Amino acid sequence: MVTLGARDVPGLRRFYRALGWAELPGGDDGRVGFLLAGVLLVLRPAAKTDGATGGAMLTCTVTGPRQVDSACVAAVAAGATVLAEPADHPEGGRSACVADPEGNRWEIAWAPLARWRTAGGEAPPAAPAAPAAPAAPAVPVPDEPHRASAELLHHHGASDEVVAAHLVAAGGNGPGWAVETLLCAARTARREGRPEQAVDFLRRALAEPLPPARRGGVLTELGSLEVTLGPADRALGVRHLAESVRLEQSDVSVFKAANALGTALAARGQTSVALEVMEELAERFTGHPELAWAVQVAAALIASHDGHSWLETVDRLRRLAATTPARPAPAVRVLLAEFDSTSGRLSAAEAAAVAREVTVEPLDPFSRTYVLASAATLAQWADELALADRLVTEGLTGHRGPLVDPGYQSLLSVHAESLVMRGRYRELLEACHGWGVLIGPPARPAPSGVGNAHLVAQAVIALTETGRAAEARRLADSIAVDGSHGSWEWNEFLYARGLLSLAEGDPAGALDDLSECGRGQSARQVTSPVVTPWRSAAADCQLLLGRPAAAVALATEELAAARRWGTPRCVGRALRALGTATGGRAGLATVEQAVALLRTAGTDPELIAALAAHGRLLAAAGHLTAARGALREAARHAERIGAGRWCAVVAALLAAAGARRATASQTGAPALTGSERRICALAAQGHSNPEIAALLHLALRTVETHLTNSFRKLGVRRRTELAGRLAAEPAAPDR
């Protein structure tokens, strides 16, 4: 990067624009940048660079002796002053020297490639040559400087991405090593979260001569990325995936391409077309049982975007499983177990047993991701969260297919919902940014063609619960249907939007979304509250709207379904809704059962809601001391997980119950005393308790007591977690 201190930034900015150079977005007359194929030129006011101007010697390399002259002429036409006319050098090469309007010197130089290579040093990065004709200063940058720069940088060991950027700018065919360089650069860009740059590299790779199999792989990788970008790229991605399927490739390559194509089509509302693609694929694999089963499972996941197609696909899988002599593949068994769990045919214990059973069997590489995703889903629903975490980690780290793969997306969904279940809202929002689902802040959806509405739904819930309702509303309002009606993801989104409306004080609007979610789930034969407990939330809405009988009916129905499933979380949540709707002595007893049950569930959000309901009913019954105790416990849990919405709700309930206003947080970094913060900081740096005692001149027992209290306030169990929690939350003033 070369920084120039300018007396007149706007004027100098106009000069470089007149040369036709590419200005970076986001600049202004206070700071502006021009990207010159590997060199970044930055203009800043002279006052911010010690007033130095005109003292820099800058070099712009070109790839031929005649370009030295044409570049010099174009620079003069733009307002430059010639300091040295173009001239040849005795040792080879040609150069000229000009000054921009503020006296900054530019050498325009050319030297043969052989001279750079024999010099034993790095060749200077190639800046784009100025336009050849003064009358047309904004013509595109010639490609020869980029092609020559790519050669030089490659031979001098520059990174793949730097070399690939020059290959993209040069266009056309490159040297024999170009394809590998471009593909390696694309993988790096994708891994580091720069899909647009990866797409540029892959598109450039297609310009090279490739055998059909290699071309098919590039098309699959490219199309899978393109469908996650904007509308224009999305349409092109579908065409690239379709072309990949038609090429002569291995069965495995065709399977990956068709899978990605089907997912992209379904996300655009073309589920029937997507299933036709998968049916054609199944015919091709009739002699390959493992691939044939994998196609059936992939088709089932794709069919989930449409309720009618989903039921038909499940029915077909049942018939195949019944008529096949051998035991159905693990992928089929676990997928059918998912359906049976949501339709109330399996209990949580039975579902968890299936998850364990299928994951101890050898898994074929084609359906591995699907099996792990479905097994993790069952484990999460059954509150076997440690098992779900292990399966998600195993699936994500072992995934080698496209990112639009339905199994991969399901793994992300399981992980997201698991974080929300535990109240780890900040972690979920960070993950959504890392997955490319959200950009910001403020949080807003990335331009995704895959349209994983479930991940957005979890982000809406996390924003709502952390007290960022306005941001959650902007995110929810920005989501387009885009063909997702009838999908399980859309029903999850309706549920999340309903919770948001309820938190905003709009029970009627919330009830509309929750009821629509319920209709969508019923159409898919989903009766269990394990997926979207819409009835409990709808019961809260009915109660706020003055319809307690309707609230009791909804909560009673959900409690019956929750007991069939049998996890403390589901049953406790339904008991809380029923007790709140019932009210009085009977309602208080029911909510007390909910609190006792949810203490064993290990999911704080449901326990906080139950404790708040318990405190409200106790206060209504005149038991103010007991009410304040329940509400203070709810406040501690809410503060610990950063549930800002519940902090505000519980604070209002405490005030109504006659509690004095709290003067300090009881959990989190703000709750630490000065001594506790100092001890935690040393522990986070790796010091042992005896070392901390010696450094702070304290008794060892004092250090141990402070750490015990700090661990409780911060909600951590290990010293290794201290640094993250201390960095994530600002400390309160010493007290």
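All figures in this text were calculated on a predicted structure; none of them were measured in a lab. The basis for the numbers below is simple: all heavy atoms, side chains too, and nothing from hydrogens, waters or symmetry mates. Nothing fancy with the numbering, it's 1 onward along the sequence.
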Measuring from atom [atom1] of [X] to atom [atom2] of [Y], what distance do you get when rounded to the nearest 0.5 angstrom?
| X | Y | atom1 | atom2 | answer |
| --- | --- | --- | --- | --- |
| Glu492 | Ser413 | CD | OG | 8.0 Å |
| Arg203 | His240 | CZ | NE2 | 7.0 Å |
| Leu455 | Cys432 | CG | SG | 5.5 Å |
| Asp200 | Gln197 | CG | CD | 7.5 Å |
| Leu372 | Arg368 | CG | CZ | 5.0 Å |
| Arg94 | Asp88 | CZ | CG | 4.5 Å |

Do [X] and [Y] have side chains that approach each other closer than 4.5 Å (heavy atoms only, starting at C-beta)?
| X | Y | result |
| --- | --- | --- |
| Trp106 | Leu83 | no |
| Arg187 | Glu221 | yes |
| Val162 | Ser159 | yes |
| Arg215 | Pro211 | no |
| Leu396 | Tyr408 | yes |
| Glu394 | Thr369 | no |
| Asp160 | Thr188 | no |
| Leu202 | Leu182 | no |

### Query
Taking the inter-plane angle between the rings of Trp177 and His154 on a 0 to 90° scale, is it parallel (under 30°), tilted (30 to 60°) or perpendicular (over 60°)?
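Geometry flag for His154 against Trp177: parallel rings.
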Discussion item. What verdict does the side chain to side chain contact (heavy atoms under 4.5 Å, CB included) test give for Phe201 and Leu183, after you've listed the backbone C-alpha separation in whole Å, the side-chain angles of each residue and the deciding distance to 0.1 Å?
Written reply: CA-CA 7 Å; Phe201 293 150; Leu183 295 182; over 6 Å; no
Glu85 (side chain) donor-acceptor with Ala96 (main chain) under 3.5 angstrom =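 Looks like no, no N/O pair under 3.5 Å.
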Do side-chain atoms of Arg204 reach the backbone of Leu167 as a donor and acceptor pair under 3.5 angstrom?
->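 Flag set: sc Arg204 to bb Leu167 pair under 3.5 Å.
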inquiry  = Show, in sequence, the C-alpha distance, side-chain angles and deciding distance for Val82 and Cys72, and conclude whether the side chain to side chain contact (heavy atoms under 4.5 Å, CB included) test is met.
reply    = CA-CA 8 Å; Val82 176; Cys72 184; 4.1 Å; yes
Exercise for the section: Show your working on side chain to side chain contact (heavy atoms under 4.5 Å, CB included) between Asp100 and Tyr16 and close with a plain yes or no. Expected result: CA-CA 9 Å; Asp100 69 18; Tyr16 287 115; 2.9 Å; yes
Quick check: closest heavy atoms across [X] and [Y], and the distance to 0.1 Å?
| X | Y | result |
| --- | --- | --- |
| Leu219 | Leu241 | O-CD2, 4.3 Å |
| Phe15 | Ala80 | CE1-N, 3.8 Å |
| Ala462 | Leu428 | CB-CD1, 3.9 Å |
| Val218 | Leu206 | CG1-CD2, 3.6 Å |
| Ala472 | Leu463 | CB-CB, 3.7 Å |
| Leu12 | Ala6 | CD2-CB, 3.8 Å |

Tell me, with the steps shown, if Glu417 and His454 meet side-chain hydrogen bond (donor to acceptor under 3.5 Å, both in side chains).
CA-CA 9 Å; Glu417 193 159 344; His454 178 263; 2.9 Å; yes
Walk me through whether Arg214 and Val179 qualify under side chain to side chain contact (heavy atoms under 4.5 Å, CB included). CA-CA 10 Å; Arg214 191 69 183 278; Val179 171; 4.2 Å; yes
